[in-house]
S.K.: 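A single structure is presented below for examination.
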Amino acid sequence: MANTSVSTLLVILFWGLTLATGRKLSPLSTTTTLSSSPSDGICSSMVMPQSKTCEEHLVTTQDGYILNLARIRIRESRGPPVLLQHGLFMDGITWLLLPSNQSLAFLLVDNGFDVWVANTRGTKFSRQHTSLPSNSSDYWNWSWDELVAHDLPATFKYVHDLTGQKMHYVGHSQGTLIALAALSQDQLLNMLRSAALLSPIAYVGQLTSPLAKNAAENFIAESLYNLGIFEFNMRGDSVIKFLKDLCNNTGIDCTNLLTSFTGQNCCLNPSIVNVFLDHEPQSTATKNMIHLSQMIREGTTSMFDYENRDENMKHYGQPTPPVYDMTRLPNDLPIFLSYGGADALSDVKDVQRLLEILKDHDADKLVVQYRNDYAHADYVMGENAHRDVYEPLISFFRLQ
């Protein structure tokens, strides 16, 4: 079967299964559904088998979400902290999908850094709340605005207070978006040494991903929300089993499962798809998908648009949502930015729009790496990423 046919099949399959497995959620109730305990997290599932020192921490945001944060280090290391922030549909395991001698988290630990792995609200290990059950619509009433306003500041403060040091930050995909948005509002700077942005997303108006464009242009997320599906969940057991069987038994190269979304990745070992499906994809809020769809359609980076003048006035005090002004990014912040020529989500044209804004950045504070053959998933799952991206990134951190 040709790659294009496989990709088309998977696009249809993706949206069909998303609709089929979407869960309608109950209104707010008085009981709270708690997720796994801190002992059942990234440490026990991914780190302890590698004989690394790992601790599970819980961080509570101002709006009540309880986030899991894994700390990996050489015992009693006093190296500088590094916070790793995953992207959309992923969790902290993103940084541990590759073998231990290739994964960014373990490479940083082996180089003496104190590594902290974040897990965004709604993902497997961060589904607790001080009062809301995770099966309620109110629990899922957020977009990436709340990650900027609550998740990122709470996580930064926790790591900074516990270590007593400023931290390096690594974001991938949505993890770069929320950092850029926060920095454009002068947040976090007093706790930050430097930022590494992999597949950076400041704008998505020119993305070429057929899956993402189709979803935005056809208002898929809005349709799901109107159907009462507030958790955007692609991880039904039957879906994962079907995909694993498809990949293992049909001769289809299932890296094409990612291609329709991410672009043509250059460097994925086919075996990584099974590892990926063991842990990902993760849930997000349907409202978050609506927000990202607005960005795609409008080509802007603004707060969530309620598309109702009165609602926008109620939330923002103005009829249209405020813009995250990327021209306000600090010129003296050390930044390592790496983007790929084949990336269909962090498209070259959108990244160049960001780079145009950064043209006045202090020259000795900005490192830009362009990988012509890299697409979106290569940055966290590519078997060459340790050599192509992570080693230069670690060298950059050492200079700061």
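Residues: numbered from 1 along the sequence shown. This structure is a prediction, so every number in the text was calculated from the model and none was measured.
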S.K.: Where do Ala385 and Tyr379 come nearest, in terms of heavy atoms and distance?
M.R.: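 Heavy atoms only, the tightest pair is CB-O, 4.4 Å.
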S.K.: State, to 0.1 Å, how close Arg297 and Ala216 come at their nearest heavy-atom pair, and which atoms those are.
M.R.: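 For Arg297 versus Ala216, the nearest heavy atoms are NH1-O, 2.8 Å.
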S.K.: Parallel, tilted or perpendicular for Phe230 and Tyr225, by the 30°/60° rule?
M.R.: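 Because their plane-to-plane angle is over 60°, the rings of Phe230 and Tyr225 count as perpendicular.
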S.K.: Indicate yes or no: does Arg121 engage Glu231 in a salt bridge with an N to O separation below 4.0 Å.
M.R.: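 Here Arg121 does not pair with Glu231 in a salt bridge, since their nearest N and O are not under 4.0 Å apart.
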S.K.: Can Arg353 and Glu356 be counted as an ion pair, charged N to O under 4.0 angstrom?
M.R.: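 Answer for the salt bridge query: no.
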S.K.: Between Arg127 and Asn68, is any side-chain donor less than 3.5 angstrom from a side-chain acceptor?
M.R.: no
S.K.: Report the C-alpha separation of Val159 and Met191 in whole Å, then their side-chain angles, then the decisive distance to 0.1 Å, and conclude whether the side chain to side chain contact (heavy atoms under 4.5 Å, CB included) test is met.
M.R.: CA-CA 9 Å; Val159 173; Met191 297 179 280; over 6 Å; no
S.K.: Between Asp110 and Arg73, is there a side-chain N and carboxylate O pair less than 4.0 Å apart?
M.R.: no
S.K.: Sequence neighbours left out, what passes salt bridge (charged side-chain N to carboxylate O under 4.0 Å, His left out) with Asp350? Give chain and number order.
M.R.: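 Expected list: none.
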S.K.: Apply side chain to side chain contact (heavy atoms under 4.5 Å, CB included) to the pair Leu97 and His279, showing each step before the final yes or no.
M.R.: CA-CA 9 Å; Leu97 292 170; His279 304 283; 4.2 Å; yes
S.K.: Honestly curious: do Phe219 and Ile229 fall in one hydrophobic cluster under the side-chain, below-4.5 Å linking rule?
M.R.: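 No, because Phe219 and Ile229 fall into different hydrophobic clusters, even though each may have its own neighbours under 4.5 Å.
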S.K.: Who passes salt bridge (charged side-chain N to carboxylate O under 4.0 Å, His left out) against Lys157, sequence neighbours left out?
M.R.: Asp161
S.K.: Is the centre of the Tyr306 ring less than 6.0 Å from the centre of the Phe304 ring?
M.R.: yes
S.K.: Are a donor atom and an acceptor atom from the side chains of Asp138 and Ser136 found within less than 3.5 Å of each other?
M.R.: no
S.K.: Of all the heavy-atom pairs spanning Leu180 and Ile201, show the shortest one and how long it is.
M.R.: CD1-O, 3.8 Å
S.K.: Looking at every non-hydrogen atom in both residues, tell me the closest pair between Asp91 and Gln282 and how far apart they are.
M.R.: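 Where Asp91 meets Gln282 most closely, the heavy atoms are OD2-NE2, 3.5 Å.
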S.K.: What is the minimum heavy-atom distance between Asn190 and His160, and which atoms define it?
M.R.: O-NE2, 4.4 Å
S.K.: May I ask you to decide if the ring planes of His129 and Tyr65 are parallel, tilted or perpendicular, using 30° and 60° as cut-offs?
M.R.: perpendicular
S.K.: Rounded to the nearest 0.5 Å, what separates atom CG in Asn331 from atom CG in Leu366?
M.R.: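 It comes to 10.0 Å.
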S.K.: With no hydrogens and no angle check, do the side chains of His150 and Thr61 hold a donor and an acceptor under 3.5 Å apart?
M.R.: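 Distance-only check fails for His150 and Thr61.
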S.K.: Between the side chains of Ser283 and Asn233, does any donor sit under 3.5 Å from an acceptor?
M.R.: yes
S.K.: Indicate whether the side chain of Ser338 and that of Gln369 have a donor and an acceptor atom separated by less than 3.5 Å.
M.R.: yes
S.K.: Would Tyr390 and Trp95 count as a ring pair (Phe, Tyr, Trp, His ring centres under 6.0 Å) here? Give the steps.
M.R.: CA-CA 11 Å; Tyr390 301 162; Trp95 308 105; 7.5 Å; no
S.K.: Could you tell me if the ring centre of Trp116 sits under 6.0 Å from that of His57?
M.R.: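 Aromatic pair counts; centres sit under 6.0 Å.
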S.K.: Indicate whether any N or O donor in one side chain lies under 3.5 Å from an N or O acceptor in the other, for Ser271 and Asn274.
M.R.: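 Per modelled atom types, Ser271 and Asn274 side chains form no pair under 3.5 Å.
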S.K.: Side chains of Lys124 and Asn119: any donor to acceptor distance under 3.5 Å?
M.R.: no
S.K.: Could you work out, with side chain to side chain contact (heavy atoms under 4.5 Å, CB included) as the rule, every residue matching Cys266, not counting sequence neighbours?
M.R.: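 With neighbours one apart ignored, the set is Asp373, Tyr374, Asp378.
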S.K.: List the atom of Asp114, the atom of Gly79, and the distance in Å for their closest heavy-atom pair.
M.R.: CB-O, 3.5 Å
S.K.: Whether the Asn312 and Gln318 side chains hold a donor-acceptor pair (N or O, under 3.5 Å, no angle test) is what I'd like checked.
M.R.: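 Absent: no donor and acceptor within the cut-off.
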S.K.: side-chain contact (heavy atoms from CB on, under 4.5 Å) with Met46: which of Val117, Ile72, Leu96?
M.R.: Leu96
S.K.: Would you mind telling me which of His86, Gln85, His376 makes a side-chain hydrogen bond (donor to acceptor under 3.5 Å, both in side chains) with Ser173?
M.R.: His376
S.K.: Less than 6.0 Å separating the ring centroids of Phe89 and Phe232?
M.R.: yes
